[in-house]
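Right, one structure below, let's go through it.
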Amino acid sequence: LPDADVQQRLVHYIHKMVSCLEEDFLATLDIIIPLMTSNGSSLLNDFMRLVGQLISRFGAKFSHKVNAILKPLTFEVFTLVRKGTAELSKNKEYNKAALERSELGKEVTNLKLSYFNFLYTLVKSDVVQVLGSKENNSILKEVLGVVKQGVLWWSNPNGQRECWNIFGAL
């Protein structure tokens, strides 16, 4: 989507649709998922919040969709975080604090926080079993490794707390 204002209005509209349409909204996900996952990190953050809302609202009724999107969503987040981190580390005047305050640094941090919030919503819900499903079992070790890194190495206190919350819920 070309315009940030249009994106935000669309996201607001989608959240309202969930409230108004309830379970009938789930039928529209096959159209919405590609739109929200192919336009960079800002919509990906919003998509993870939407999935969290759907998990909280519909629980097990939504687990088949969560099962289907978890692996591609995780790969997309990891790819964007790795690209952003690699770009940040190219800076000749590498100063971690300054880089984290840059636009790209904030984008990477927000993406990580959104992903950890999404994971926390997942593990504290009744759809946590999708993490260990045969479709997602191959990524479980990497997901838990990233959460562990968040606890041990991430300087962002909100992110670190969210990672601890994930482990506590497991």
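Heads up: numbering here begins at 1 and tracks the sequence. Computed from a prediction, not measured in an experiment: that's the story for all the values here.
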Quiz prompt | Partners meeting side chain to side chain donor-acceptor pair (under 3.5 Å) with Thr28 (sequence neighbours left out) | solution = none

Quiz item: side-chain contact (heavy atoms from CB on, under 4.5 Å) with Leu170: which residues, sequence neighbours excluded?
Solution: Val123, Val128, Leu144, Ile166, Phe167

Practice problem: Enter the distance from Leu122:CG to Ile55:CD1 here, rounded to the nearest 0.5 Å. | Solution: 5.0 Å

Practice problem: For residues Val151 and Cys163, report the shortest heavy-atom separation together with the two atoms involved. | Solution: CG2-CB, 3.4 Å

Exercise. Apply side chain to side chain donor-acceptor pair (under 3.5 Å) to Thr74 and list each qualifying residue two or more places apart in sequence or on a separate chain.
Key: Tyr115

Quiz item: Considering residues at least two apart in sequence or located in another chain, which fulfil the side-chain contact (heavy atoms from CB on, under 4.5 Å) criterion with Ser56?
Solution: Thr121

Quiz item: Does Gln129 reach the side chain of Asn67, with side-chain heavy atoms less than 4.5 Å apart?
Solution: no

Self-check item: Leu131 and Ile139, any side-chain heavy atoms less than 4.5 Å apart
Solution: no

Quiz item: Among all residues two or more places apart in sequence or in another chain, which pass the ring pair (Phe, Tyr, Trp, His ring centres under 6.0 Å) test with Phe116?
Solution: Trp154

Self-check item: Of all pairs that satisfy salt bridge (charged side-chain N to carboxylate O under 4.0 Å, His left out), the ones with a partner from residues 142-152, not counting sequence neighbours
Solution: Arg82-Glu142

Quiz prompt | NE2-SG distance between His15 and Cys20, expressed to the nearest 0.5 angstrom | solution = 13.0 Å

Exercise. Only pairs at least two apart or in different chains count here, so list each side-chain hydrogen bond (donor to acceptor under 3.5 Å, both in side chains) that has a residue in residues 160-170.
Key: Asn158-Arg161

Exercise. Sorted by first residue and then second, give each salt bridge (charged side-chain N to carboxylate O under 4.0 Å, His left out) pair with at least one member in residues 109-125; sequence neighbours left out.
Key: none

Exercise. Using the test side chain to side chain donor-acceptor pair (under 3.5 Å), find all partners of Ser114 that sit at least two apart in sequence or belong to another chain.
Key: Asn45

Quiz item: Which pairs with one or both residues in residues 12-38 pass salt bridge (charged side-chain N to carboxylate O under 4.0 Å, His left out), sequence neighbours excluded?
Solution: Glu22-Arg57, Glu23-Lys61, Asp30-Lys65

Quiz prompt | Partner residues of His64 under the side-chain contact (heavy atoms from CB on, under 4.5 Å) criterion, sequence neighbours left out | solution = none

Quiz prompt | For Arg9, all residues meeting salt bridge (charged side-chain N to carboxylate O under 4.0 Å, His left out), sequence neighbours excluded | solution = Asp5

Quiz item: Side chain of Asn136, backbone of Gly132: donor and acceptor closer than 3.5 Å?
Solution: no

Self-check item: Step-by-step side-chain contact (heavy atoms from CB on, under 4.5 Å) determination, Phe47 to Ile14
Solution: CA-CA 10 Å; Phe47 178 68; Ile14 290 171; over 6 Å; no

Quiz item: Does any non-hydrogen side-chain atom of Ile32 lie less than 4.5 Å from one of Phe25?
Solution: yes

Quiz item: Do Leu54 and Tyr13 belong to the same hydrophobic cluster, where Ile, Leu, Val, Met, Phe, Trp and Tyr are linked whenever their side-chain heavy atoms lie under 4.5 Å apart, directly or via other members?
Solution: yes

Practice problem: Decide yes or no for Phe58 and Leu26: does some side-chain heavy atom of the first lie under 4.5 Å from some side-chain heavy atom of the second? | Solution: yes

